**Student:** 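Okay, here's the structure, questions in a sec.
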There are 2 protein chains.
Amino acid sequence: MQLDRIDRKILQELQKDGSLSNLDLAERIGLSPSPCARRVKALKDAGVIGRTVTLLDPKALGLSLTALIHISMDRHTPDRFEHFEAEVANYPEVQECYLITGQAADFVLKVVVKDMDTYQQFLLGKLTRLEGVTGVQSSFVMRRYKDSTELPVPEEYPIA
Amino acid sequence: MQLDRIDRKILQELQKDGSLSNLDLAERIGLSPSPCARRVKALKDAGVIGRTVTLLDPKALGLSLTALIHISMDRHTPDRFEHFEAEVANYPEVQECYLITGQAADFVLKVVVKDMDTYQQFLLGKLTRLEGVTGVQSSFVMRRYKDSTELPVPEEYPIA
DNA sequence: GGTGAAAAAGCATTGCA
DNA sequence: TGCAATGCTTTTTCACC
């Protein structure tokens, strides 16, 4: 699938505001509603456009502590990783979990909790109890300069 | 503002699917449409509910490389930080940028690009040219176990 | 604070130029 | 691709429980 300038504009607008009606979207990109709807449908069918979600304000919810956690495992076997993955996916405090290269760590987690007490409970009660976890290194977010869900939409022709 | 069980259910549903109509939402939480709409409005007014966005699939867009970058600065002055912040906010490749505690680094960035070539261009052409940047350490995401926008909605009474 | 119904507005969709 | 008309869904408001 090839994206032209209009497709990219559609993607940019929807990334900024997923509640746009097709009418409003069409107006913003300078197209009439029907071709606009057709393009959006094609982008959905191609899997480029995914879910629409509502973002909440962590502060308003009293979630004032965000931690980035680097985790090392004792052994790098598929077993270890799969088990870790499955457990971590169930923790609502964990927003992101990546297996990474480089560094000393194997995993990076982004965790959001109410306060340091809750964080300690999460760390001692859940994370460090997981099999194979040998090292845990916490960093805390002091300031959130940018926290976006927007992806850059490439200039050229990407292939879906 | 106090959240009861129904409010929390609303927030959970909307975090999963931001395109829900008030009708569908009301049905899911077991309430009739009008009080449901009232609650949603109140949550928006209180700032708990923020924007609604459409998520794209990085892979479908040909964005196959995600990097976590740790950055250290030469001096920890407000000037340095503000300048860095302002520049980084303009880079579309940067999804997240945090000022963090601990570690050797001062900032953590999450960057999404097409491939290693593009990453190198970003690093050399943009990031390392910023004033005050002394250390850059890259990790690459090998596997994305969890990548969510959902926040945990606390059990007790948070205050907005 | 919740329910149900009714009215009004806005929307997606379709067919055609 | 653009336009127009149809028919629907949705939001909103109201009186009542």
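Every value quoted in this text rests on a predicted model; they were computed, and no experiment measured them. Proteins come first, then strands; the chains are lettered A, B, ... in the order of their sequence lines, and each starts at number 1.
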**Student:** To the nearest angstrom, how far is B/Leu20 atom CG from D/dT11 atom P?
**Tutor:**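 It is 10 Å, rounded to the nearest whole Å.
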**Student:** Between B/Lys16 and A/Val53, which heavy-atom pair has the shortest distance, and what is it?
**Tutor:**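 Scanning both residues, the minimum pair turns out to be O-CG1, 4.0 Å.
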**Student:** Could you tell me whether A/Arg144 and B/Glu96 have a side-chain N and a carboxylate O separated by less than 4.0 Å?
**Tutor:**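 Not counted as a salt bridge, because no side-chain N and carboxylate O are separated by less than 4.0 Å.
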**Student:** To the nearest Å, how far apart are B/Lys9 NZ and C/dG2 C1'?
**Tutor:** 16 Å
**Student:** Could you tell me whether B/Asp74 and B/Arg80 make a salt bridge, using a distance below 4.0 angstrom between a side-chain N and a carboxylate O?
**Tutor:** yes
**Student:** Which listed nucleotide (C/dA12, D/dT11, C/dT3) is nearest to the side chain of B/Arg38?
**Tutor:**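 For the B/Arg38 side chain, the nearest candidate turns out to be C/dT3.
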**Student:** Rounding to a whole Å, what distance do you find between A/Glu27:CD and C/dA12:P?
**Tutor:** 13 Å
**Student:** When you measure from the side chain of B/Ile6, which nucleotide among C/dA5, C/dG2, D/dC3 comes out closest?
**Tutor:** C/dG2
**Student:** B/Pro35 side chain: which of D/dT11, D/dG2, C/dT3 is closest?
**Tutor:** C/dT3
**Student:** Using only side-chain N and O atoms of A/Arg39, determine if any of them is under 4.0 Å from OP1 or OP2 of D/dT1.
**Tutor:**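 Yes, because at least one side-chain N or O of A/Arg39 sits under 4.0 Å from OP1 or OP2 of D/dT1.
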**Student:** Without decimals, in angstroms, what is the distance between A/Asn22 CG and C/dA12 P?
**Tutor:**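 The distance from CG of A/Asn22 to P of C/dA12 comes to 5 Å, rounded to the nearest Å.
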**Student:** Using atom NZ of B/Lys41 as one end and atom C1' of D/dT10 as the other, report the distance to the nearest whole Å.
**Tutor:** 18 Å
**Student:** By nearest atom, which of the nucleotides C/dC11, D/dT13, D/dG2 is closest to the A/Leu23 side chain?
**Tutor:**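 Between C/dC11, D/dT13, D/dG2, the one nearest the side chain of A/Leu23 would be C/dC11.
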**Student:** May I ask you to evaluate whether A/Ser34 reaches the phosphate of D/dG2, defined as a side-chain N or O under 4.0 Å from OP1 or OP2?
**Tutor:**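 Looking at the OP1 and OP2 atoms of D/dG2, neither is under 4.0 Å from any side-chain N or O of A/Ser34.
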**Student:** Quick one: is B/Ser32 getting a side-chain N or O under 4.0 Å of the C/dG4 phosphate, OP1 or OP2?
**Tutor:**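 No, because none of the side-chain N or O atoms of B/Ser32 sits under 4.0 Å from OP1 or OP2 of C/dG4.
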**Student:** Regarding B/Asp4 and B/Arg8, does a basic nitrogen lie under 4.0 Å from an acidic carboxylate oxygen?
**Tutor:**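 Looking at B/Arg8 together with B/Asp4, the answer is no, because their closest N to O distance does not fall below 4.0 Å.
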